[in-house]
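Accompanying notes for the structure given below.
All chains are named by letter (A, B, ...) in the order of the sequence lines, taking the proteins before the strands, and each is independently numbered beginning at 1.
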2 protein chains.
Amino acid sequence: MIDTKKKILDSAQRLIGSQGYAATSVRHIISEAGVNLAAIHYHFGSKEDLLAAIIARKADLVNKERMTLLDRLESEAGAGPLSVKKVLEAWFLPMAEAADGDPGFVLLMGRLMSEGMLQTIVEKHFREPAERITGALRRSLPELPDEEFRWRMHFMFGAMAFTMCGRSEFTGIGGDTRDFGGRIDRLITFLIAGFHAPVSSAGRKEGKR
Amino acid sequence: MIDTKKKILDSAQRLIGSQGYAATSVRHIISEAGVNLAAIHYHFGSKEDLLAAIIARKADLVNKERMTLLDRLESEAGAGPLSVKKVLEAWFLPMAEAADGDPGFVLLMGRLMSEGMLQTIVEKHFREPAERITGALRRSLPELPDEEFRWRMHFMFGAMAFTMCGRSEFTGIGGDTRDFGGRIDRLITFLIAGFHAPVSSAGRKEGKR
DNA sequence: GTCTATACTGAGATAGAC
DNA sequence: GTCTATCTCAGTATAGAC
């Protein structure tokens, strides 16, 4: 049956999202999905490729929406300046919309960004949109030295990863993805201020090189 | 010999720091350390306990220094306000000092925070200092609504995790921990601005509850 | 007290029958 | 397309040598 694939995808997304990739065995996935062990390898090739398939079925939609919003933003701005806020919204709001219909997906994405063992998959689906938003933000913040800007992007991705999956060790904030829109609102507010911070002293040294 | 333990700890820190916990097998560790497979279980009990031992030998020093700095800060401030900048420095500078003498340690810590599969270990060593800094920052930012403040702490930990281990997928920033002091300087600048950002609209709704 | 050799269990992956 | 049997390698446990 063709919905063997779908059953595997759904079970895997739920289990990996809630327990993590390493902690979820393919045997657990197949027993929840009610399919045979070899079905995963027949339909997807490997555990890692299964993960890639879960991402693929949603990520491309989210990224397409991101691109559309960025396109509109840039054409509206013409040669003028881009607003940091608008650029960040173009990046984060499509993810928040995806979370509305499918909370498990955002949880999973956050875990993957955090666990970081899946660079290949993440790079494949997110390199292009990540470069787009990096370029747009760079244009919004022309006065920042290069390294300073790159580090602020890095901080943003770190905060984003934790926001998506929730990590309760320190703050008691867990993996409940209800009201994902609210978190995104808080995150964007935080990031706008961070990006507009004065250049650090390490950044000022950099400028003098 | 007693330095069987040390050889294992050193090899494990290096390998897990550069490849991640799941990707590093105990057989790889023992072959690099030149010891027998069972030595890990004799000296440490399990792979996870080995990791706990690596953290224990450094983390307590770092945390003690953090506590000392926070103590001094609070006694100097008396009943007056605490500076966000000073509190963040008390948190981050001891880690930067540790990185000076032992770059592998910071890399490992960043990976662990990111991978997040080791809640027990992280909680054991960092719950108390994390609560201290949370309290101190809360006192510096009395005007923020509770949830807003908690989320900003969360963003901070996310940015911190990525800063320590470097995640090259998006920004090209890798695991090279030279000039860790410089990163910390940039991070603190970014965070100060983020913490001082105006309350988000989600936060304003929260206040009205 | 330390270390070695080896066996056990469960993981992901694969070949081949149907 | 699906299932069974099997392979390899992981972490773990233990018996016994020094």
Choosing from [options], which nucleotide comes nearest the side chain of [X]?
{"X": "B/Ser25", "options": "D/dG11, D/dT12, D/dT2", "answer": "D/dG11"}
{"X": "B/Tyr42", "options": "C/dA13, C/dC3, C/dA11", "answer": "C/dC3"}
{"X": "A/Val26", "options": "C/dA5, D/dA10, C/dG12", "answer": "C/dG12"}

Inset, instruction - Please list, chain by chain and in numerical order, all residues satisfying ring pair (Phe, Tyr, Trp, His ring centres under 6.0 Å) with A/Phe157, sequence neighbours excluded. - result: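 A/Phe157: ring pair (Phe, Tyr, Trp, His ring centres under 6.0 Å) contacts with B/Phe170.
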Legend entry - Contacts of A/Phe180 that satisfy ring pair (Phe, Tyr, Trp, His ring centres under 6.0 Å) - sequence neighbours left out: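 Listed in chain order: nothing, the list is empty.
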What integer distance in Å separates [X]:[atom1] from [N]:[atom2]?
{"X": "B/Asp3", "N": "C/dG1", "atom1": "CG", "atom2": "P", "result": "18 Å"}
{"X": "B/Ile16", "N": "D/dG11", "atom1": "CD1", "atom2": "P", "result": "10 Å"}
{"X": "A/His43", "N": "D/dC3", "atom1": "NE2", "atom2": "C1'", "result": "12 Å"}
{"X": "B/Lys6", "N": "C/dT2", "atom1": "NZ", "atom2": "P", "result": "17 Å"}
{"X": "A/Lys7", "N": "D/dG1", "atom1": "NZ", "atom2": "P", "result": "14 Å"}
{"X": "B/Phe44", "N": "D/dG11", "atom1": "CZ", "atom2": "P", "result": "15 Å"}
{"X": "B/Leu50", "N": "D/dA10", "atom1": "CG", "atom2": "C1'", "result": "15 Å"}
{"X": "B/Lys5", "N": "C/dG1", "atom1": "NZ", "atom2": "P", "result": "12 Å"}

Legend entry - Which residue lies more 5' along DNA chain D, comparing B/His28 with A/Arg27 via nearest heavy atoms: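 The 5'-side residue here is A/Arg27.
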Legend entry - Side-chain ion pair, B/Glu32 and B/Arg14, N-O less than 4.0 Å: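 Looking at B/Arg14 together with B/Glu32, the answer is yes, because their closest N to O distance falls below 4.0 Å.
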Legend entry - Note: A/Glu148-A/Lys205 ion pair, threshold 4.0 Å (strictly below):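 No, A/Glu148 and A/Lys205 are not salt-bridged.
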Tabulated below should be each protein N or O lying under 3.5 Å from an N or O of nucleotides 14-18 of chain D; please produce it.
none

Inset, instruction - Please check the phosphate of D/dT4 (OP1 and OP2 only) for any side-chain N or O of A/Asn36 closer than 4.0 Å. - result: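 Answer is yes, contact under 4.0 Å.
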Inset, instruction - Ignoring backbone atoms, establish whether A/Thr4 has a side-chain N or O less than 4.0 Å from OP1 or OP2 of D/dG1. - result: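 No, because none of the side-chain N or O atoms of A/Thr4 sits under 4.0 Å from OP1 or OP2 of D/dG1.
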Inset, instruction - Mind checking B/Leu37 for me? I need base, sugar-phosphate or nothing, with any heavy atom below 4.0 Å counting as a touch. - result: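 Result for B/Leu37 = base.
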Inset, instruction - If a pair satisfies side-chain hydrogen bond (donor to acceptor under 3.5 Å, both in side chains) and one of its residues is in residues 92-105 of chain B, list it, with sequence neighbours excluded. - result: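 Residue pairs passing side-chain hydrogen bond (donor to acceptor under 3.5 Å, both in side chains), neighbours aside: B/Gln13-B/Asp102.
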Legend entry - salt bridge (charged side-chain N to carboxylate O under 4.0 Å, His left out) involving B/Glu65 - partner list, sequence neighbours excluded: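 Applying salt bridge (charged side-chain N to carboxylate O under 4.0 Å, His left out) to B/Glu65 gives none.
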Legend entry - Residue list, salt bridge (charged side-chain N to carboxylate O under 4.0 Å, His left out) with A/Lys6, at least two apart or on another chain: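 Partners of A/Lys6 by the salt bridge (charged side-chain N to carboxylate O under 4.0 Å, His left out) criterion, ordered by chain and then number, come out as A/Asp10.
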